[in-house]
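Data block below; observations after.
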Amino acid sequence: VVKLIYGDKWLEVIPLVGWSMALAATGAIYFTLYKLLLAHEQQRHCLLTDFVFIAGTIVSLYFLLPSGLISYMQGMLLTQTVLIIIAAFLLRMGRGLEAGAVAQAFVAPVIGTLLASSVFIFDATRVLGGSAEVVTIGMQVVLYIVIYASAVRLLFPVSLRELVSYMPK
């Protein structure tokens, strides 16, 4: 996809794409938990996680960046994962997070993603044999969305109904 969209001069960034996506995902989860800590008036806990974030960033910059960008990204990924665990623990202790609700919130998207991804990967390897073209990628994206939405709709109608009830009318 990188070659198709950006050309040959960007091929060297391909190894960074997965790490960048992982950093974006863990960062989004951590900052969501951080906002929940703030919403529950746990400013001291936010300060604690800020210190952990700063320490992890300094360690990653000073010790890991000289070994390369991927090493630095791995250090930051570890830092953010530790922060997710700390923030979730602090929220759980402060009654700001219920384990059952978290599990229930993750089940539908994870199953939908696994089903859609498995069909997507099977289709890509069967049809393409490893090469990619714009039309095929577009069709696969549509297939992924249809399978994901169908899985959530058919397997988790109650959760979907609740989610839709929060949407503006």
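Just so it is clear, the structure is predicted and the values come from calculations on it, not from any experiment.
Atom CE of Met76 and atom CG of Leu83 lie 8.0 Å apart (nearest 0.5 Å). If you take CD on Gln80 and CE on Met73, they are separated by 10.0 Å, rounding to the nearest 0.5 Å. We find the CD1-CG distance between Ile14 and Leu11 to be 4.5 Å, quoted to the nearest 0.5 Å.
Nearest approach of Ser60 to Gly75, heavy atoms of both residues: OG-C, 3.3 Å. Counting all heavy atoms, side chain and backbone alike, Gly56 lies closest to Thr79 at CA-OG1, 3.4 Å. Summarising the geometry of Leu61 relative to Pro66, their closest heavy-atom pair is O-CD, 3.6 Å, with the distance given to 0.1 Å.
Linking Ile, Leu, Val, Met, Phe, Trp and Tyr whenever their side-chain heavy atoms come within less than 4.5 Å leaves Leu47 and Phe53 in two separate clusters. Using a 4.5 Å cut-off between side-chain heavy atoms of Ile, Leu, Val, Met, Phe, Trp and Tyr, with links allowed through other members, Val59 and Leu65 fall into different hydrophobic clusters. Residues Val82 and Ile85 are members of separate hydrophobic clusters, defined by side-chain heavy-atom contacts under 4.5 angstrom among Ile, Leu, Val, Met, Phe, Trp and Tyr. Taking hydrophobic clusters as Ile, Leu, Val, Met, Phe, Trp and Tyr residues chained together by side-chain heavy-atom distances below 4.5 Å, Tyr72 does not share a cluster with Ile58. A single hydrophobic cluster is not seen to contain both Ile84 and Ile54; linkage of ILVMFWY side chains at heavy-atom distances under 4.5 Å, directly or through other members, places them apart.
Two residues are said to be in side-chain contact when any heavy atoms from C-beta on lie closer than 4.5 Å; Leu33 and Thr49 fail this criterion.
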